[in-house]
Amino acid sequence: MKDRVGAVAGVLIAAFTLACGEPPAQFTEPMVLGGVEVPAEVLNRGQKLYANHCASCHGADGSGKGPAARHLSPGPRDFRAGEFMHKAAEGDALPTDAELRRVIKKGVADRGMPAWGGLRDEDVDALVSFIKTFSPRWQGPVGDPHGGAAAE
Ligand code: HEC
């Protein structure tokens, strides 16, 4: 009897873990983003962190329309369009990695973007890389820091 209870509990725990588990790792291949080849495991780490910490506002699809975004005005921008505001460059130029890292770590206090200063540097870097996967603007040849943006 005790064994059966244990077995039933085991099945329930397994079902629970499956139902609540992380989304499956999305990347099997490295990607060239902003001119740099990023390994699949870094992108998968970024995907997981993004799902846990960022998707509520920025949307699982990067659209800026996560469930919590309706409370924010202006809401987060659309990562799929590769539109960024927190950068020194004018116009529709893409931000640098340093600028992306800075806005993630420091947040934008008066606009509802939390500061993620508690994340490890490699996690912030993984997030920076993962965010780039939403827009074709970052995707271009190795060595071209502006990725596909130059072609537009
Ligand atoms: C509570 C909602 C919320 C969460 C959670 C959140 N953000 Fe944001 N984020 C925002 C808002 C709102 C803005 C736009 C701020 C502005 O308008 O200046 C923003 C802006 C940004 C920007 C700058 C975009 C630009 O235009 O330059 C980046 C990059 C970013 N977020 C990344 C992240 C990452 C990575 C995470 C998870 C670790 C995250 N955000 C979590 C709300 C959020």
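The chain is numbered in sequence order, starting from 1. Small disclaimer: the values here were computed from a predicted structure and weren't measured. Just so you know, ligand 1 is whichever comes first in the structure, and atom 1 is the first atom listed for that ligand.
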Region of Arg77 that comes within reach of ligand 1 [heavy atoms, distance under 4.0 Å]:
side chain
Name the closest protein heavy atom to atom 18 (O) of ligand 1, giving the residue it belongs to and the distance to 0.1 Å.
His86 NE2, 2.7 Å
Which ligand 1 atoms, with their elements, are less than 4.0 angstrom from a heavy-atom of Met85?
18 (O), 25 (C), 26 (O), 27 (O)
Per-atom contacts of ligand 1 with Leu127, taking only distances under 4.0 Å to non-hydrogen atoms:
38 (C)
Between Asp125 and Arg45, does any side-chain N to carboxylate O distance fall below 4.0 Å?
no
Taking atom 8 (Fe) of ligand 1 as the centre, count the protein N/O/S atoms lying under 2.8 Å from it.
2
Which atoms of ligand 1 are found less than 4.0 Å from any heavy atom of Gly112?
1 (C), 2 (C), 3 (C), 42 (C), 43 (C)
Could you tell me whether the side chain of Glu99 and the main chain of Ala88 form a donor-acceptor pair under 3.5 Å?
yes
Separation between CZ (Phe130) and CG (Leu33), nearest 0.5 Å, reads 10.5 Å
Qualifying ring-ring contact (aromatic ring centres under 6.0 Å, His included) pairs, either residue in residues 94-114, two or more places apart
none
Tell me the protein heavy atom at minimum distance from atom 41 (C) of ligand 1, and give that distance in Å.
Trp116 NE1, 3.5 Å
Against heavy atoms of His53, which atoms of ligand 1 measure under 4.0 Å?
5 (C), 37 (C), 38 (C), 41 (C)
Checking the side chain of Glu83 only, and the main-chain atoms of Arg77 only, is there a donor and an acceptor separated by less than 3.5 Å?
no
Does some side-chain heavy atom of Asp92 sit less than 4.5 Å from a side-chain heavy atom of Arg137?
yes
Can you tell me which residue and heavy atom of the protein come closest to atom 17 (O) of ligand 1, and the distance to 0.1 Å?
Arg111 NH1, 2.7 Å
Measuring from Arg102:CZ to Lys87:NZ, what's the distance to the nearest 0.5 Å?
13.5 Å
Which bit of Ile131 is near ligand 1, meaning a heavy atom under 4.0 Å away: side chain, backbone, both or neither?
side chain
Find the distance between CH2 (Trp116) and NE2 (His53) and round it off to the nearest 0.5 Å.
5.5 Å
Counting neighbours of NZ on Lys65 that are heavy atoms of other residues, nucleotides or ligands and sit closer than 6.0 Å, is the number greater than 12?
no
Phe84, portion touching ligand 1 at heavy-atom distance under 4.0 Å:
both
With the side chain counted from C-beta on, respond yes when Met113 and Arg111 share a heavy-atom pair under 4.5 Å apart, and no when they do not.
no
Spatial distance of atom CG (Asp123) from atom NZ (Lys48) [nearest 0.5 Å]
10.0 Å
